[in-house]
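All heavy atoms count here, side chains included; hydrogens, waters and symmetry mates do not. Counting convention: from 1, in listed order, for ligands and their atoms alike.
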Amino acid sequence: MKNIVITGASSGIGRASAIKLSEDINNRLFLISRNEAKLNDLLNKIKGNRDRIIIMPFDVISGDYNELSHQIKEIAGTVDVLINNAGALINKPFSEIIIDDFDLMVNTNFKGPFFLIQRLLPILNSGAHIVNISSMGGFQGSVKFPGLSVYSSSKGALAILTECLALELKQVGISVNCLALGSVQTDMLKEAFPGYQAPLTSETMAEFIADFALNGHKWINGKIIPVSISTP
Ligand SMILES: NC(=O)c1ccc[n+]([C@@H]2O[C@H](COP(=O)([O-])OP(=O)(O)OC[C@H]3O[C@@H](n4cnc5c(N)ncnc54)[C@H](OP(=O)(O)O)[C@@H]3O)[C@@H](O)[C@H]2O)c1
């Protein structure tokens with residue numbers, strides 16, 4: 001049985017990744033987000049063995065990471081895969097960003113994954129894979145778009161954290177990789193860029209993420225990988 005933790009599982013890419021990973025009866029999923037109703041909706045959609053799908057309403061900004069880690073340990077013992085997917089995006093010109101915007105994005109996209117990894121560390125298996133979901137905007141040298149100064153910087157921080165942790169956690173057998181996603185048609189994208197049509201659905205992106213999370217670390221560690229057909 002593989003124990004897989006996914007943050008931001010209530011919608012978009014995280015939800016689609018959860019559905020994809022639930023297809024294998026050898027996977028036990030811990031699905032994290034704030035919106036309990038949406039998580040319950042997902043639970044109803046994922047048919048079959050309910051004791052393999054555990055929903056955990058939790059805020060990655062303000063939640064008690066130690067308690068979350070304890071709850072997962074009680075059920076699973078250890079964790080094999082952590083997908084840090086929860087994210088926040090406010091599209092605003094640099095000069096108009098207020099501290100609340102800054103805090104929301106940096107805390108969701110960087111601080112949350114940082115401390116979630118730290119607190120789950122004692123229950124991460126040797127051989128575990130941490131997958132951080134970043135963005136092409138946070139990939140050095142990529143085309144940049146106006147309005148994304150905080151979002152892209154926070155995703156860049158997550159990418160560099162990946163490289164740092166791959167080195168530090170190598171000695172305990174934990175791999176850490178980062179996927180810098182191109183645009184995917186989700187609520188986040190619709191809200192930030194009304195009228196724009198992304199070339200990929202969440203389901204298509206989830207096929208890649210699910211397979212990568214289970215297998216990617218057999219070949220690579222500490223890498224920031226562009227997964228995009230939209231951004232050069
Ligand atoms: N869509 C794209 O084009 C694109 C491109 C590059 C990267 N990404 C990244 O892909 C990831 C998924 O985004 P998406 O497009 O699928 O967006 P989405 O549909 O808006 O999903 C975002 C998820 O994050 C969760 N979340 C947000 N704040 C949270 C918090 N404080 N605590 C716990 N969960 C929280 C939301 O759940 P609740 O509201 O229930 O908490 C939701 O499940 C994000 O990291 C995003 O930056 C997306």
Practice prompt. Report the nearest protein non-hydrogen atom to atom 6 (C) of ligand 1: residue, atom name, distance rounded to 0.1 Å.
Written response: L181 O, 3.3 Å

Item to complete: For K144 and S142, test the side chains for any donor-to-acceptor distance below 3.5 angstrom and give the result as yes or no.
Response: yes

Practice prompt. Examine the proximity of ligand 1 to S134 and report which part, side chain or backbone, both or neither, has a heavy atom under 4.0 Å away.
Written response: backbone

Practice prompt. Between R15 and ligand 1, find which residue part has any heavy-atom pair under 4.0 Å and reply side chain, backbone, both or neither.
Written response: neither

Practice prompt. Considering heavy atoms of the protein only, find what lies nearest to atom 47 (O) of ligand 1 and give residue, atom and distance to 0.1 Å.
Written response: Y151 OH, 2.6 Å

Fill in: Within-cut-off N or O pair, G8 and ligand 1, under 3.5 Å
yes

Item to complete: Give the atoms of ligand 1, by number and element, whose distance to some non-hydrogen atom of S183 is under 4.0 Å.
Response: 3 (O)

Item to complete: Given salt bridge (Lys or Arg N to Asp or Glu O under 4.0 Å), test D187 with K190 step by step and report yes or no.
Response: CA-CA 5 Å; D187 291 349; K190 272 184 246 165; 3.7 Å; yes

Practice prompt. Assess K155 for proximity to ligand 1: is some non-hydrogen atom of it under 4.0 Å away?
Written response: yes

Worksheet item: Using heavy atoms and a threshold below 4.0 Å, how should the contact between I13 and ligand 1 be classified: side chain, backbone, both, or neither?
Response: both

Worksheet item: Which of these, A206, A86, G63, has its nearest heavy atom closest to atom 35 (C) of ligand 1?
Response: A86

Worksheet, complete the sentence: of all protein heavy atoms, closest to atom 20 (O) of ligand 1 is M188 CB, 3.4 Å

Discussion item. Could you identify the single nearest non-hydrogen protein atom to atom 5 (C) of ligand 1 and state the distance to 0.1 Å?
Written reply: G182 O, 3.3 Å

Practice prompt. Write out the residue and atom name of the closest protein heavy atom to atom 31 (N) of ligand 1, then the distance separating them to 0.1 Å.
Written response: D59 OD1, 2.8 Å

Worksheet item: Would you say I75 and I54 make side-chain contact, with heavy atoms under 4.5 Å?
Response: yes

Discussion item. Classify the ring geometry of Y196 against F193: parallel below 30°, tilted from 30° to 60°, perpendicular beyond 60°.
Written reply: perpendicular

Worksheet item: Where is the nearest protein heavy atom to atom 38 (P) of ligand 1: which residue, which atom, and how far?
Response: S10 OG, 3.5 Å

Fill in: Distance-minimising heavy-atom pair for N221 and A166
OD1-CB, 3.6 Å

Discussion item. Is there a side-chain contact (heavy atoms from CB on, under 4.5 Å) between M56 and L31? Walk through the geometry before answering.
Written reply: CA-CA 6 Å; M56 310 188 89; L31 304 178; over 6 Å; no

Practice prompt. Step through the shown structure and confirm whether more than 12 heavy atoms of other residues, nucleotides or ligands are within 6.0 Å of NZ on K73.
Written response: no

Item to complete: Give a yes-or-no answer on whether the side chains of D24 and N26 include a donor-acceptor pair shorter than 3.5 Å.
Response: yes

Worksheet item: Of all the atoms in ligand 1, which lie at a distance below 4.0 Å from a heavy atom belonging to L189?
Response: 3 (O)

Discussion item. Heavy-atom distances under 4.0 Å decide this one: backbone, side chain, both or neither, for N85 against ligand 1?
Written reply: both

Discussion item. Under 3.5 Å between any N/O of S135 and any N/O of ligand 1: does that happen in this structure?
Written reply: no

Fill in: Separation of I117 CD1 from N84 CG (nearest 0.5 Å)
5.0 Å

Worksheet, complete the sentence: Logged contact type for N35 with ligand 1, heavy-atom cut-off 4.0 Å, is both

Practice prompt. Using heavy-atom distances, let me know which of A18, G87, A9, G12 sits nearest atom 22 (C) of ligand 1.
Written response: G87

Discussion item. Testing the 3.5 Å rule here: is there a donor-acceptor pair between the side chains of T162 and N132?
Written reply: yes

Worksheet entry | Side-chain donor-acceptor contact under 3.5 Å, D80 with H129 | no

Discussion item. For atom 14 (P) of ligand 1, what's the nearest protein heavy-atom neighbour? Residue, atom name and distance, please.
Written reply: T186 OG1, 3.6 Å

Item to complete: Indicate, as side chain, backbone, both or neither, the part of F58 found under 4.0 angstrom from ligand 1 when only non-hydrogen atoms are considered.
Response: backbone

Item to complete: List the closest protein heavy-atom neighbour of atom 19 (O) of ligand 1: residue, atom name, distance to the nearest 0.1 Å.
Response: S11 OG, 2.7 Å

Worksheet item: Atom CG of N107 and atom CZ of F102: how far apart are they, to the nearest 0.5 Å?
Response: 8.5 Å

Response to the item:
Nearest heavy atom to atom 32 (N) of ligand 1, choosing from I32, N109, V60, I209, belongs to V60

Worksheet item: Of all heavy-atom pairs between S69 and R119, which one has the smallest distance, and what is that distance?
Response: OG-O, 3.1 Å

Worksheet item: Hey, which atoms in ligand 1 end up nearer than 4.0 Å to a heavy atom of T108?
Response: 28 (N)

Item to complete: State, with a plain yes or no, whether a side-chain heavy atom of L181 is found less than 4.5 Å away from one of S135.
Response: no

Worksheet item: Would you say G14 and ligand 1 have an N/O pair spaced under 3.5 Å apart?
Response: no

